[in-house]
Engineer: 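For reference, the structure I am asking about is given below.
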Amino acid sequence: MSTLAPSRRAAVFAKNLPDIAPWFARVSADLEAAGIAVQAVPRGRDIALADQQAAMAGCGLVVVLGGDGTFLAAARAAGRTWGEQNGAA
């Protein structure tokens, strides 16, 4: 059984909508004030899963701002990213 090292990085998945922008700014500011670096994860139909996984590498927290599709995309990328980092195929 592997253990994850503590991380001071968070991946933020946000749907690309104007009304999400203020939430993204607020969440990012709150995390950064707590000493957690924020990594915005590219989101969209034209973004490859590998690009999302690369953005999430080393993150210990995922914040999702959006709906079901955004949540599912974040879960898929997180599962593959953290699975690969811990020896799962």
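Here, residue 1 is the first one in the sequence, and each next residue gets the next number.
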Engineer: Considering non-hydrogen atoms only, spot the tightest contact between Ala73 and Gln52 and give its length.
Structural biologist: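 In terms of heavy atoms, the two residues are closest at O-OE1, 4.3 Å.
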Engineer: Ala74 and Met56: which non-hydrogen atoms are nearest, and at how many Å?
Structural biologist: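 Closest pair (atom of Ala74, atom of Met56, distance): O-CE, 4.5 Å.
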Engineer: Enter the distance from Phe13:CZ to Thr70:OG1 here, rounded to the nearest 0.5 Å.
Structural biologist: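 Phe13 atom CZ to Thr70 atom OG1 measures 9.0 Å (nearest 0.5 Å).
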Engineer: Measure across Ala55 and Ala40 and return the closest heavy-atom pair with its distance rounded to 0.1 Å.
Structural biologist: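 Looking at all heavy atoms of both residues, the closest pair is CB-O, 4.3 Å.
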Engineer: Which heavy-atom pair separates Arg9 from Ile36 by the least distance, and what is that distance?
Structural biologist: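 Taking every non-hydrogen atom into account, C-CG2, 3.9 Å.
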Engineer: Any side-chain heavy atom of Leu61 within less than 4.5 Å of one from Leu31?
Structural biologist: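 Result yes, sub-4.5 Å side-chain heavy-atom pair found.
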Engineer: Please check if the side chain of Arg8 supplies one atom and the backbone of Ala34 the other of a donor-acceptor pair under 3.5 Å.
Structural biologist: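 Pair found, side chain donor or acceptor close to backbone of Ala34.
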Engineer: For Asp30, what residues pass the side chain to side chain donor-acceptor pair (under 3.5 Å) criterion, not counting sequence neighbours?
Structural biologist: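 With sequence neighbours excluded, Asp30 shows a side chain to side chain donor-acceptor pair (under 3.5 Å) to Arg26, given in chain and number order.
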Engineer: What is the minimum heavy-atom distance between Val62 and Ala78, and which atoms define it?
Structural biologist: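 Taking Val62 first and Ala78 second, the nearest heavy atoms are CG2-CB, 4.3 Å.
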Engineer: Using every non-hydrogen atom in the two residues, find where Cys59 and Ala10 come nearest and quote the distance to one decimal.
Structural biologist: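 That closest heavy-atom pairing would be SG-C, 3.8 Å.
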Engineer: With a cut-off of 6.0 Å (strictly less than), are more than 12 heavy atoms of other residues, nucleotides or ligands near CG of Asp68?
Structural biologist: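 Atom CG in Asp68 is not packed in, count stays at 12 or less.
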Engineer: Within this structure, what is the CZ-CZ distance for the pair Arg76 and Phe71, rounded to the nearest 0.5 Å?
Structural biologist: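 Result: 11.5 Å between the selected atoms.
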